[in-house]
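Report on the following structure.
Within every chain, numbering begins at 1; the chains are lettered A, B, ... in the order of the sequence lines, protein sequences first and strands thereafter. The structure displayed is predicted, hence computed values, not measured ones.
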Amino acid sequence: MALSPPFPGDAHAAYGTLTPIYRPMAQQQAQERNAISPRRAENFPEWYQAVVTAADLAENSDVRGCMVIKPWGYAIWELIQQQLDKKFKDTGHSNAYFPLFIPLSYLEKEAEHVAGFAKECAVVTHHRLEVGPDGKLRAASPLTEPLIVRPTSETIIGESYSRWVQSYRDLPILLNQWANVVRWEMRPRLFLRTAEFLWQEGHTAHETEQEAREETERMLGVYHEMMRYHLALDVVTGRKTASERFAGAVDTYCLEAMVQDRKAVQAGTSHFLGQNFAKASNIQYLSREGVKQHAWTTSWGVSTRLIGTLIMAHSDDDGLVLPPRVAPKHIVIIPVTPKEDTKAAVLEACDKLAERLRAQSFHGEAIRVQVDTREVTGGSKAWDWIKKGVPLRVEIGPRDIAGSAAMVARRDRPHKSRDLIAWDQLVADAPTILEDIQSTLLARNQAFRKENMVPMDDKDSFYKFFTPRNSGRPEIHGGFALAHWCGCPDVEEQIRKDLSVTIRCIPDDPAIAAEPGMCIFSGKESAQRVVFAKSY
RNA sequence: CGGAGUGUAGCUUAGCUUGGUAGAGCGCCUGGUUUGGGACCAGGAGGCCGCAGGUUCAAAUCCUGUCACUCCGACCA
């Protein structure tokens, strides 16, 4: 097998013929059977659900909006956690834990914050159960002050900070917590929008505005790097408009990923909170000049939504496709044991190869290898791992033992393409192949994003861009529209009403949108283009 | 919270208009034959047809109520 060079300068160029992400139905080979039904092009939302089920990532709970994250899905989250946690520590942060329950009165302290979250809070009003006259359990003993289940923790952490901070010498405070939060969602969707979700929330307090702004940008950068190099997502970063800003923030920065139906997913946020929460929570310090000052705070977070983004960005009509750096297993070895008398030899060869592969490292960690010894036929084993998105599948049968070779299949290539590779070569090349899969996925996401991020210079084409031809069952359409906007919230609101399209961000990359122009809706002046898109 | 729809086995569902012993596929269990890309044959387990009332000799089927879920809007990481 000819291997592509590791880390090609332009990975996209190394793959002149990319596997098309969508193929028109007419070109689909009729006899070709996919693992996932429907296909992406047929019904994207249903395809997404089918991938989650087929890859055994999660399932819905009886509690509406809540999900059970199954081992394979949780392992992906753990890998994301590990990578991020290291980065947080490297940038000077420590982990801590703050309570799940927040007194109602805390939330009331910041007016915009209340307005933003009040409609989606779970409220705890009682603290015991008793048996009612009908024999059923009912809530008893009302709380004097109701508690809310945290939708985010700015207020309760601010309460602590107000006690911890006395002097400029107490600053900065750089904390993070890994936690669950609850936002009572009307329309849940596994991983993307659930009533309860797992996330991390960083909360920092600083002496100066500049320090806090630097922190906000630093953490945006940490997220950017993680999404690009671990999740293989070519995200667009930028600032939110006033209407999309975090409730109570001065500035919200975000990372917007484009997934395969060309919609945007907000994959992470970093907020500069100014002194708003410091004033609300009374976080004050005595400055170097002996003057009482409010601290400057930030908060930043990513959630299990990243997994949903990952699925929608990379997976195909055969199921999940995982970038190796977040794959719970890098390689699965499937013993092909057609006859009893050769079975032991095959299994032994598989175990030996697994050991040799485990001794290799990929990004400073031992390669994660599993030998699938389940008592089912080889074909269904292979399909299971295709659906689970394992980057490399290795099959060893009796005939391969003589030649010390194995059939190797890459998940980023069509499921029928397999190569016979000698064990020695596979062991030596495994890290390179994994790296190549990683960069191929990034290159594909980047090519797709570039292809579907288009400048729009008049209102008509803008509306046409976001209007499906088939309104009954909308086909995949639209993308990221780069258009000039005058900054007027009314214009933004009108577009949202007309097309369900919002400004995802004001991009910070001058290569994307620096030049001034004229708002295509109002004709007024505009300093730069902004990104419009439909979103999750 | 508005509009539409659906509740039958672990999952997907047929049957409902015209009331008469609840059927299939997948999955699961057992045995056998198989095995280099989703095996086949035989046998088996599994259902108060969402729940409560009503009509009827008889209700998955008709009527009323209720609960849950899904989709489309409004809201959101």
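Taking only distance into account, the side chain of A:R183 never meets the base of B:C76 through a donor-acceptor pair shorter than 3.5 Å. Residue side chain A:R418 does not reach the base of B:G36 through any donor-acceptor N/O pair under 3.5 Å, judged by distance alone. The base of B:G36 sits within donor-acceptor range of the side chain of A:D400, with an N or O pair under 3.5 Å.
Among the protein residues, A:F246 comes within range of no part of the nucleic acid, since none of its heavy atoms lies under 4.0 Å from any strand. A:K387 comes within contact range of at least one nucleobase, with a heavy-atom separation under 4.0 Å. The residue A:S535 sits apart from the nucleic acid: no heavy atom pair falls under 4.0 Å. A:S303 comes within 4.0 angstrom of a base, heavy atoms only. Counting any heavy atom pair closer than 4.0 Å across all strands shown, A:G378 reaches no nucleic acid atom. In this structure, A:E395 reaches the bases: a heavy-atom distance under 4.0 Å links it to at least one base atom across the strands shown. No contact: A:L306 has no heavy atom under 4.0 Å from any strand. Note on A:P45: nothing from the nucleic acid sits closer than 4.0 angstrom, heavy atoms only. If you check every strand for non-hydrogen atoms under 4.0 Å, A:R496 touches sugar and phosphate atoms only.
Here the P atom of nucleotide B:C1 and the CH2 atom of A:W184 are 13 Å apart, to the nearest Å. Rounded to whole Å, atom C1' of B:C76 lies 17 Å from atom CZ of A:R245. Rounded to whole Å, the distance from CD1 on A:I333 to P on B:G36 is 20 Å. The CZ-C1' distance, from A:R305 to B:A77, rounds to 5 Å in whole Å. Taking atom CD of A:Q49 as the reference point, atom P of B:C71 lies 7 Å away to the nearest angstrom. Between A:N43 atom CG and B:C71 atom P there is a gap of 11 Å when expressed in whole angstrom units. The distance from atom CG of A:L198 to atom P of B:A77 is 17 Å, rounded to the nearest whole Å. Atom CZ in A:R374 sits about 16 Å away from atom C1' in B:A39, given to the nearest Å.
The only option from A:R449, A:K534, A:K240 that meets the salt bridge (Lys or Arg N to Asp or Glu O under 4.0 Å) definition with A:E256 turns out to be A:K240. Under the side chain to side chain donor-acceptor pair (under 3.5 Å) rule, A:D316 has a single partner from A:R411, A:R39, A:H415, which is A:R411. Paired with A:E225 under the rule salt bridge (Lys or Arg N to Asp or Glu O under 4.0 Å), one option of A:K86, A:K87, A:R218, A:R325 passes, and it is A:K87.
Between A:T377 and the phosphate of B:A39, there is a side-chain N or O to OP1/OP2 separation shorter than 4.0 Å. For A:R64, no side-chain nitrogen or oxygen approaches OP1 or OP2 of B:A68 to under 4.0 Å.
B:C51 and B:C67: their P atoms are spaced 16 Å apart (whole Å). Taking atom P in both B:G25 and B:A45, the straight-line distance is 15 Å, to the nearest Å. Nucleotides B:U61 and B:G50 place their P atoms 8 Å apart, quoted to the nearest Å. Annotation: B:G19 and B:C57 have their P atoms spaced 15 Å apart (nearest Å). With both ends at atom P, the span from B:G47 to B:G53 equals 22 Å, rounded to whole Å. For the C1' atom pair drawn from B:G37 and B:A60, the interatomic distance equals 42 Å after rounding to whole Å. The C1' atoms of B:U8 and B:A24 are separated by 12 Å, rounded to the nearest whole Å. B:U21 and B:G2 are spaced 45 Å apart, taking the C1' atom of each and rounding to whole Å.
Rounding to the nearest 0.5 Å places CD of A:E42 at 12.0 Å from CD1 of A:I36. Separating the OG1 atom in A:T304 from the CG atom in A:L198 is a distance of 5.0 Å, to the nearest 0.5 Å.
By the 30° and 60° cut-offs, the orientation of the rings of A:W47 relative to A:F44 is tilted.
Map A:Y536 and A:I396 each onto its nearest nucleotide of RNA chain B; the residue landing nearer the 5' end is A:I396. Of the residues near RNA chain B, A:K497 and A:G397, the one whose nearest nucleotide (by heavy atom distance) lies more toward the 5' end is A:G397.
Side-chain proximity of A:E185 to the nucleotides B:G37, B:C72, B:C76 is greatest for B:C76. Taking every side-chain heavy atom of A:R187 into account, B:C72 is the closest of B:C76, B:G38, B:C72. Among B:A77, B:G37, B:G73, the nucleotide with an atom closest to any side-chain atom of A:A409 is B:G37. Side chain of A:M407, nearest nucleotide from B:G36, B:G38, B:A77: B:G36.
A stem is defined here as three or more consecutive Watson-Crick or G-U pairs, each with both distances under 3.5 Å; for RNA chain B these stems are B:1-7 with B:67-73, B:10-13 with B:23-26, B:28-33 with B:39-44, B:50-54 with B:62-66.
For residues 232-254 of chain A, the set of pairs meeting the ring pair (Phe, Tyr, Trp, His ring centres under 6.0 Å) definition, not counting sequence neighbours, comprises A:H113-A:F246, A:F117-A:F246, A:F246-A:H271.
Nearest heavy atoms, A:V346 versus A:P398: CG2-N, 3.6 Å.
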Distance-only donor-acceptor pairs under 3.5 Å for side chains of residues 175-182 of chain A, two or more places apart:
| residue | atom | partner | partner atom | Å |
| --- | --- | --- | --- | --- |
| A:N176 | OD1 | A:Q200 | NE2 | 2.8 |
| A:N176 | ND2 | A:N95 | OD1 | 2.9 |
| A:Q177 | OE1 | A:F98 | N | 2.8 |
| A:Q177 | NE2 | A:S153 | OG | 3.2 |
| A:Q177 | NE2 | A:E201 | OE2 | 2.9 |
| A:W178 | NE1 | A:D85 | OD1 | 2.8 |
| A:N180 | OD1 | A:R150 | NH2 | 2.8 |
| A:N180 | ND2 | A:E196 | OE2 | 2.9 |

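Checked against the 6.0 Å centroid threshold, A:W77 and A:F197 do not count as a close aromatic pair.
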